[in-house]
Amino acid sequence: MSEVLTAASVTRRFAPRITLGDRIAAALGAKVDRRPVQAVTDVSLAVRKGETLGLVGESGCGKSTLGRMLAGILPPSAGEIRLHGAAPMRGRHKTTTRIQTVFQDPYASLNPRIRIGEAIAEGPVAHGLVTRAAAPAMVADWLRRVGLDPAYATRFPHQFSGGQRQRVAIARALAMQPEVLVCDEPVASLDVSIQAQILNLFLDLRQELGLTCLFISHDLSVVRHVSDRVAVMYLGRIVEIGEAGRIYAAPRHPYTQGLLASVPKLVLSGDPAASFRPIPGELPSPLSPPAGCAFHPRCAKATDLCRQERPPLSPREDGTLVACHHA
Amino acid sequence: MTAFWNEYRENWVAVIALAVVVVVVSAALLAPWIAPQDPYDLANLDLMDARRPPGFVGSNGYVHWLGTDAQGRDLFSAILYGLRISLQMGVAAGAVALAIGTTLGILAAQAGGKIEQAIMRVVDLQLSFPAILLALVLVAVLGQGKVPLVIALVTAQYAYFARTAYGAATAERQKDYVEAARATPLPGRRVVFRHILPNCLPPLIVVGTVQVANAIALEATLSFLGLGLPPTEPSLGMLIANGFQYMMSGRTWISVYPGIALIILIVAINVVGDQLRDQFNPRLRR
């Protein structure tokens with residue numbers, strides 16, 4: 001399968017903004033923290049044509065930052081993002097329309113002062129994908145396809161529920177006729193009953209349009225539901241990546257195992273304790289990541305080797321890549 | 001819009017203030033038709049009628065309900081014409097300051113880096129000393145007349161708009177819908193004018209209302225100090241200044257009535273502005 005969207009050794013640092021006040025404080029001898037936060041470190045991955053790659057991890061592990069870089073919204077500090085071999089960004093600005101994004105919070109990602117018809121049409125009109133005259137018909141068509149009444153085009157976002165807004169956001173992204181769709185936690189802020197509807201809509205449209213997708217979520221069951229392959233992130237790095245079925249059936253990395261074990265389930269067997277085992281400890285600060293394997297302070301299998309040397313992401317016999325000395 | 005008006009209506013003080021603003025503005029606009037006398041036409045003035053108390057019947061048969069000033073002008077007419085000038089100055093200065101300040105504020109928020117630092121530090125500097133001082137110096141340098149006065153008022157006030165627009169634009173730029181617009185990507189112009197700017201308008205409208213009142217007060221102060229408009233076309237501040245020397249001799253009406261008109265106008269505009277601010281601020285919503 002051909003690789004559509006690739007990341008090669010991508011790193012993203014966020015340096016704290018040094019204000020005039022900070023500079024004065026520093027000149028007067030105060031200590032100003034100028035350490036950059038490394039949100040994503042040396043990540044390489046590829047999204048293949050027609051597949052959905054799920055990206056999972058705890059809050060703060062860098063999955064959204066990686067998603068935004070792959071979507072061409074955020075420039076990497078080092079490394080390269082390529083769409084069919086070409087960079088999706090020039091300088092700080094996105095240039096391609098072939099990648100579109102659906103954001104987490106549909107209450108925030110739609111401009112409150114723009115009618116949803118205009119919100120859907122403005123991108124395609126600005127890029128000449130549709131003429132201004134043909135735009136209303138296109139908007140009506142998209143509203144129908146995401147399961148909304150075409151008559152809603154003249155309404156404002158505040159007149160819709162969260163699920164309906166997310167449908168609008170999906171229509172807005174797909175109206176740009178993208179090849180790749182980046183979904184950044186698209187159902188995380190929705191009610192569980194609405195999540196299923198939006199996921200099914202997403203699955204239907206993905207198949208219908210033959211989309212290549214990057215699906216970011218902290219919800220393992222959601223990712224299992226939609227993904228062909230899964231990448232697990234921990235503290236800015238990918239620790240395991242491979243076929244979704246294999247990873248869910250036999251996770252290799254202790255962190256993936258912990259993540260899967262910590263999903264609360266309804267207990268049918270007699271032992272309630274066995275169903276819910278949280279990973280001990282907390283995500284370390286990205287300002288001072290632990291030496292060696294970043295997961296070693298929380299890992300039951302950690303040895304001196306883990307504390308000293310970071311394990312590379314290396315292939316196993318079934319094609320899964322794992323970054324662990326002991327798996 | 002209807003909901004907005006319904007909420008506004010709940011505050012009866014604000015409704016009265018709005019009514020006062022409407023009455024005063026229309027009175028000022030219609031001054032040539034409702035004023036009993038044209039105070040700019042010197043042929044109309046009779047020095048024999050000067051400094052007469054309220055209710056005096058003039059030599060030409062007018063009843064001067066608010067009395068006359070030192071030139072024999074009917075004070076009621078002079079106040080109407082004075083309001084006209086004061087409002088003209090206030091609205092003109094407010095509008096130009098709004099346009100310039102908003103442009104600079106949004107430019108600073110949008111450009112970032114050195115441009116942002118340069119603009120906002122100048123704005124900070126200007127906000128740190130009194131507007132009246134700056135206006136005084138400018139009028140002294142530029143000379144008298146409407147245009148120099150508006151330039152002075154704008155220079156003294158644009159910084160408030162720039163700071164407000166900058167704050168609002170920086171806040172809006174963080175929001176997801178702006179990121180979504182960049183992720184489409186929409187052209188930069190469209191992001192600024194269709195997405196960021198309209199969402200910055202509510203606070204700017206509020207500051208605009210209050211700044212019109214401030215501009216009127218500032219103009220009145222300058223005129224009172226003799227640095228505003230020429231005395232042949234007196235604004236409210238000039239009228240107050242003209243009557244000031246007669247205060248001690250008991251002819252208080254010459255200063256007091258224009259003063260009352262000025263206070264009513266400024267208070268009414270400020271009350272309307274306060275109400276708008278409360279309504280635009282979601283945290284104050286009940």
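Within every chain, numbering begins at 1; the chains are lettered A, B, ... in the order of the sequence lines, protein sequences first and strands thereafter. These numbers come from a predicted model, not from an experiment.
For a residue to count as touching a neighbouring chain, one of its non-hydrogen atoms must lie under 4.5 Å from one of that chain's; by this rule B/R121 touches chain A with the side chain only. For A/A126, the part sitting under 4.5 Å from any heavy atom of chain B is the side chain, from C-beta outward, and nothing else. Only the side chain of A/I73 comes within contact range of chain B, judged by heavy atoms closer than 4.5 Å. For B/P198, the parts lying near chain A are the backbone and the side chain together; criterion is any non-hydrogen pair under 4.5 Å. There is no contact between A/Q104 and chain B, counting heavy-atom distances below 4.5 Å. If you measure heavy-atom distances from A/T101 to chain B, the contacts under 4.5 Å come from the side chain alone. For chain B, the nearby part of A/H127 is the side chain; its heavy atoms alone come within less than 4.5 Å. Residue contact with chain A, scored on non-hydrogen atoms closer than 4.5 Å, involves the backbone and the side chain of B/E179 alike.
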Exercise for review: Apply salt bridge (charged side-chain N to carboxylate O under 4.0 Å, His left out) to the pair B/E172 and A/R113, showing each step before the final yes or no.
Suggested key: CA-CA 12 Å; B/E172 291 303 320; A/R113 286 169 193 276; over 6 Å; no

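B/N199 places a side-chain heavy atom less than 4.5 Å from the side chain of A/P112. Side-chain contact between A/P157 and B/Y177 is absent, with no heavy atoms from C-beta onward closer than 4.5 Å.
Heavy atoms from other residues, nucleotides or ligands lying under 6.0 Å from CH2 of B/W12 number 12 at most.
Most heavy-atom pairs under 4.5 Å with chain B: of the set A/I114, A/L110, A/T97, this distinction falls to A/I114.
Between atom CG of residue A/N111 and atom CZ of residue B/R194 there is a gap of 7.5 Å, rounded to the nearest 0.5 Å. For the atom pair CG of B/D176 and CG of A/D184, the computed distance is 9.0 Å after rounding to the nearest 0.5 Å.
Distance alone, capped at 3.5 Å, places no donor-acceptor pair between the A/E122 side chain and the B/L186 backbone.
The shortest heavy-atom contact between A/F103 and B/A183 is CZ-CB, 4.1 Å.
Every residue was checked against the salt bridge (charged side-chain N to carboxylate O under 4.0 Å, His left out) condition with A/K94, not counting sequence neighbours, and none meets it.
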